[in-house]
Structures are given as structure tokens and as C-alpha cells.
There are 2 protein chains.
Amino acid sequence: MSGVQSVERAFAVLRCLSGGAAGVTDVADRVSLPKSTVSRLLSTLEDLGMVEQIEPGGNYRVGSGMTEIAAAVLPGRSLIEAVRPHLHDLAKATGEAAGLSIADGFDVLYLDQVDSDNQVQTRDWTGERVPAHTVSSGQVLLAFDAIDSEEYLAQPLERLASHTLTDATAIRTRFAEIVAKGYAWAFEEFLDGLSSVAAPIRDSSNRVVGAIHAHGPAYRFPGDLDADEVGRMVAATAGRVRI
Amino acid sequence: MSGVQSVERAFAVLRCLSGGAAGVTDVADRVSLPKSTVSRLLSTLEDLGMVEQIEPGGNYRVGSGMTEIAAAVLPGRSLIEAVRPHLHDLAKATGEAAGLSIADGFDVLYLDQVDSDNQVQTRDWTGERVPAHTVSSGQVLLAFDAIDSEEYLAQPLERLASHTLTDATAIRTRFAEIVAKGYAWAFEEFLDGLSSVAAPIRDSSNRVVGAIHAHGPAYRFPGDLDADEVGRMVAATAGRVRI
DNA sequence: GTACTCGATTCCGTACTGCGGAACGAGTCC
DNA sequence: GGACTCGTTCCGCAGTACGGAATCGAGTAC
């Protein structure tokens, strides 16, 4: 590597701890460094608040200093705050649950969900990660480059439901359509019996930072509604989001 | 400093960027280091995904690598995930909105909210911070030591609504009662016309990590319901949470 | 169109920072 | 009581990180 070795090592240690608390010897084994090196790095990270020792002479874990810095980019809190009223609007307009998600590697991570007034509900996916190609939000994030689509399509794609698209060429064609229309529909591609429609959310630099979607049981969503009209509604709601 | 200089400098740069995107010269000025040093550190941080350059040759900002590591300690996601079904139960049982919050310094931070089926709704406080003494969740967090109550009561207390308690002695008496009963009611103490009841959520070490509450307009909540019975219901729901 | 300014990047000689093996202390186990 | 493990500390040394200087590119002013 051509970077600053100590900084690279410090982050190797931090990444190790992000998987769970561990001791010096344990971390040293996992990052293939001598214990004294790891101990010195941990001591520095502890002084900076980036790690904390759970008890003297024992295990270390990631500290609040990391969250303080990460808060600058955390899409979670402020994004959820900004978007939630729009999810309420969307749930009311469609009569189905509405949700917010962001890219998380090659997955879509569900950050928030507002339920509809409907008595028959789908489950709440907040906190879940799903492969991007299987849901409308993921397709939106791929089509609008919030997830690198070529890199994504280079891997084998998993079929999760009866209508999951797994052919890269067909998916690319679909992406062009999604970009043109400004929204994506997924009909029983993630789960049999579930449909969803999503549109991208942009920040003040016009960068796509997430997607909102509405989802419901396939038998009633979109049901009698015109799919394109619903899609435009979701895109319009997404367009009203200000971050 | 006795730590690893390069690591200390790298985090000085990161802290600088957590206040907003900046260029090499700007960061160098703020952290009092030569531009070549800052440039090299930024290059390493960029390789690690901890910062990203907004455009080539331009400003840097904190990258998603930080959030990946910080996710290990964020109380938000997994807690929200674990608690949300219980909020649904609580909203259904009380007919009012239910929410989840944690301590954030001397404030209560609302992490999640599930609305009721009621046509007349209160607003959604997700993402908001409020002074602990003014809401039932905060009183619970103070009474059960998730917030240091003596430290808290040493400061002047703000009156936000007509019934906000601001006398430290009266508040201490109330804490004893909250501990004994296992829940707290707040009647128009945060906002006139709003009542809420909260109970503590504990982790597997029996430590209080947050609170759940139900809240509604004072004219109908608790309304005809017995306040103590509702309180016990909230405490029971909180007791069913497993983290 | 040219000159100037400014910011980011690259280069390179050097010194001092970070390294890692060894030793030590504390705790645990048999 | 001895063996083992883990975290911490020490210290001689080598090579990594440093920072000043130079370079390059973009933007602006005249």
C-alpha cells in the first residue's frame, strides 16, 4: 500500500472491532500484527475516543468518537426526519405502507417505514438489508448510480421470488427505463405476493442519497390504480423531499 | 502527545471534516499542518473509504466507511428493529401513538414512532430532542439512571408547558414513585394538551437503554382509561422487549 | 490571449516516528 | 506452585512519514 501505514493499521483495528468487542491478542491475530503494535494503536484510538476499553486490561469496542464523526454523514437520523412526513403523505395517498431506504454496499437498507390505515398489512422491514436487484428501491439506487451498477451486475444475481430478474442485460435495459420514467416497479421480485414502487431522493447537490417506496400485497397493489400514475405520484413525493 | 502521531493527525483531519466539506488548504489551516501532510493523510483516508473527494481536485467530506464502523455502536438501528413490533402492539392497545427514545446527554432523543389508527393524530417526534424532565420518557431515563439525575437536577430546569415540574425536590420525590411503579406519566408537561406514559427498556444486562411511551391529546388520553392500568400495560410491553 | 493567483499534488532528502521482539505483571487453571 | 495466557511497557533501530519546494491545472482579471 502507498498510504500512511499507521493510519491504515488503525482502521484495520477499527474495522475489526466493528464486528464486536475483542481483546488485544484477538485483534492482533485477526489483523496479522504484533500485540505491541495493536496495543499502541488501541491506546491512541482510546485517547481519541474512537475505542473504549470495556474494563481495564480487557476487551475493546468501538467508541462514541466514531459516531460523532460519522454523524456528519449518517443518512439515518436527519434523512429519516426529513423524509418521514412525505412517507405519511405517500401512505395516505396510496393506501399502502411507505418506506425509506439507502444503499449499503450492494444491499438496500430500510431506514424507516410508515404503515397505512389498511387492516391487512405487510411486515415492517426497517433495519433489514436486501439485495438491490430484488426490490424497486434497489433498482432505483442502481439505475441512478447510488450503487455502482456495472460492479453489481458483474456478480451472480440471486433469485428470491418467482419474478426476480437475474439476467444482467435485461436489468440494464430496465435501468434505462427507470431513469427515463423516474421510478421503478417491482412485481413479486423480492417476495411472492408483494409489489412495490420506488423513486429516488436527491440532496442539494442533486445526488441520489436514497429512495422512497410504497409497497403492498400484489393482489391489491397497484390493483385498480394505474401503475404509471402511482409511479409518478411516488416520484412527485420523492421530488418534494428537501435535504 | 504520547500516541501514534499519524493516527492522531488523521483523526484531527476527520474531526475537521465532520463539521463540513473542505479543501486541503482549508483543512491544513485548521489543523495547523502542512498541506503535503494533510494531502497525504486525506489520500490514505480516501483509499480506506473514510473520506471522499466530492470532485477531483476539490473538497473532501467524511465517507461512508466511517458510518460502517460507527454502525457498531449506533443505538438506533438494532434497537428500533427490536422494539418496533412492540410499538405496534402498544399503539393498538392504547389507541394512541407509541414511540421509542434514548438518552442523548441531558435530552431525550426520539428514535421511532408508530401512529395509532386514530383520525386525530399528534405529530411525529422522530429525530427530535427534548429536555428529559419535560417528558415521561425522560423522567423514566432519569429515574432509572440512564441519565445522571443529580447532575441533571443541578442545572436550572426549563418550564415548557403549564404543568412542567421544575422543582428539584419535587422531581426527586417523583423519581422514587416512578421506580416503585415502573412507569411515568406526564400530563401537559412538555406541551399543553399532550399527555404521555413511558416505561424503561432494558438490555440483557438489565441496564436501561431506552424508553417506550404512548402519547396522545390530554382530552382523551388517558381519558376513561385508568392511568395506572395504562401505565402497567406500557411497563408490561416494555418488559417484553428483548435486546 | 496572456498573466496572475490559488489550490492540490508530487517529489525527495532526512530525521524521528512507529515498529516489534522481549520482558514483565496480573490473573486463571490444574 | 508451576504453567499458561493476555495486556502492557520498554527500547534499539530502520524505514516511514514528514514538510519545504516545485509543479501543474483551473479559474480569474485585464
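All chains are named by letter (A, B, ...) in the order of the sequence lines, taking the proteins before the strands, and each is independently numbered beginning at 1.
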S.K.: Under 3.5 Å, side chain of A:S149 to main-chain N/O of A:D145, donor-acceptor pair present?
M.R.: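 Checked: no pair found.
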S.K.: Expressed in angstrom and rounded to an integer, what is the separation of A:L33 atom CG from D:dG7 atom P?
M.R.: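 For the pair A:L33 CG and D:dG7 P, the rounded distance is 15 Å.
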S.K.: Strictly below 4.0 Å: does A:T37 bring a side-chain N or O up to OP1 or OP2 of C:dG20?
M.R.: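 Result: yes.
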S.K.: What's the CZ-C1' distance between A:R9 and D:dA17, to the nearest Å?
M.R.: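 Taking atom C1' of D:dA17 as the reference, CZ of A:R9 is at 13 Å.
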S.K.: Select one nucleotide: of C:dG20, C:dT9, C:dG18, the one nearest the side-chain heavy atoms of B:V24.
M.R.: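 Looking only at side-chain atoms, B:V24 lies closest to C:dT9.
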S.K.: Is any side-chain N or O of A:Y60 closer than 4.0 Å to OP1 or OP2 of D:dC6?
M.R.: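 For D:dC6, neither OP1 nor OP2 has a side-chain N or O of A:Y60 closer than 4.0 Å.
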S.K.: For nucleotides 22-25 of chain D, tabulate all protein N/O to nucleotide N/O atom pairs closer than 3.5 Å, reporting atom names and distance.
M.R.:
none

S.K.: More 5' along DNA chain D: B:S6 or A:S43, using each one's nearest nucleotide?
M.R.: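 Looking at the nearest nucleotide for each, A:S43 comes out on the 5' side.
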S.K.: Of A:F175, A:Y152, A:F190, which is the lone residue that meets ring pair (Phe, Tyr, Trp, His ring centres under 6.0 Å) with A:H133?
M.R.: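 Exactly one candidate clears the test, A:Y152.
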S.K.: Any side-chain N or O of A:Q53 below 4.0 angstrom from OP1/OP2 of D:dT8?
M.R.: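 Yes, within the criterion.
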S.K.: I need the CG-P distance between B:N59 and C:dT9, as an integer number of Å.
M.R.: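 About 11 Å, once rounded to whole Å.
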S.K.: Taking for each residue the nucleotide of DNA chain C with the nearest heavy atom, is it A:R40 or B:S36 whose nucleotide lies nearer the 5' end?
M.R.: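 Its nearest nucleotide lies further toward 5', so the answer is B:S36.
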S.K.: Closer to the 5' end of DNA chain D via nearest nucleotide, is it A:Q5 or A:S39?
M.R.: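 In this pair, the answer is A:S39.
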S.K.: To the nearest 0.5 Å, how far apart are CD1 in A:I178 and CH2 in A:W185?
M.R.: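 Output value for this atom pair is 13.0 Å.
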S.K.: Has the side chain of B:E46 got a donor or acceptor atom that lies under 3.5 Å from a matching backbone atom of B:E52?
M.R.: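 Between the backbone of B:E52 and the side chain of B:E46 there is no qualifying donor-acceptor contact (under 3.5 Å).
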S.K.: Rounded to the nearest angstrom, tell me the gap between atom CG in B:D29 and atom P in D:dG19.
M.R.: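 Result: 15 Å.
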S.K.: Give the rounded distance in Å between these two atoms: CG of A:L42 and P of D:dG7.
M.R.: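 Rounding to the nearest Å, CG of A:L42 and P of D:dG7 are 9 Å apart.
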S.K.: Check residues 27-39 of chain A and write down every donor-acceptor pair under 3.5 Å in which the side-chain atom is one partner and the other belongs to a residue at least two apart or another chain.
M.R.:
from: A:R30; atom 1: NE; to: A:D26; atom 2: OD1; distance (Å): 3.2
from: A:R30; atom 1: NH2; to: A:D26; atom 2: OD2; distance (Å): 3.1

S.K.: How long is the line joining CG of B:L41 and P of C:dT17, in whole Å?
M.R.: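 Answer to the nearest Å: 15 Å.
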S.K.: Ignoring hydrogens and geometry, is there a side-chain-to-backbone donor-acceptor pair from B:Q113 to B:G99 under 3.5 Å?
M.R.: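 Checking the backbone N and O of B:G99 against the side chain of B:Q113, no donor-acceptor pair under 3.5 Å is found.
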S.K.: Mind checking side chain to side chain donor-acceptor pair (under 3.5 Å) for B:R202 and listing every partner two or more places apart, or none if nothing turns up?
M.R.: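 Per chain and number, B:R202 pairs via side chain to side chain donor-acceptor pair (under 3.5 Å) with no residue.
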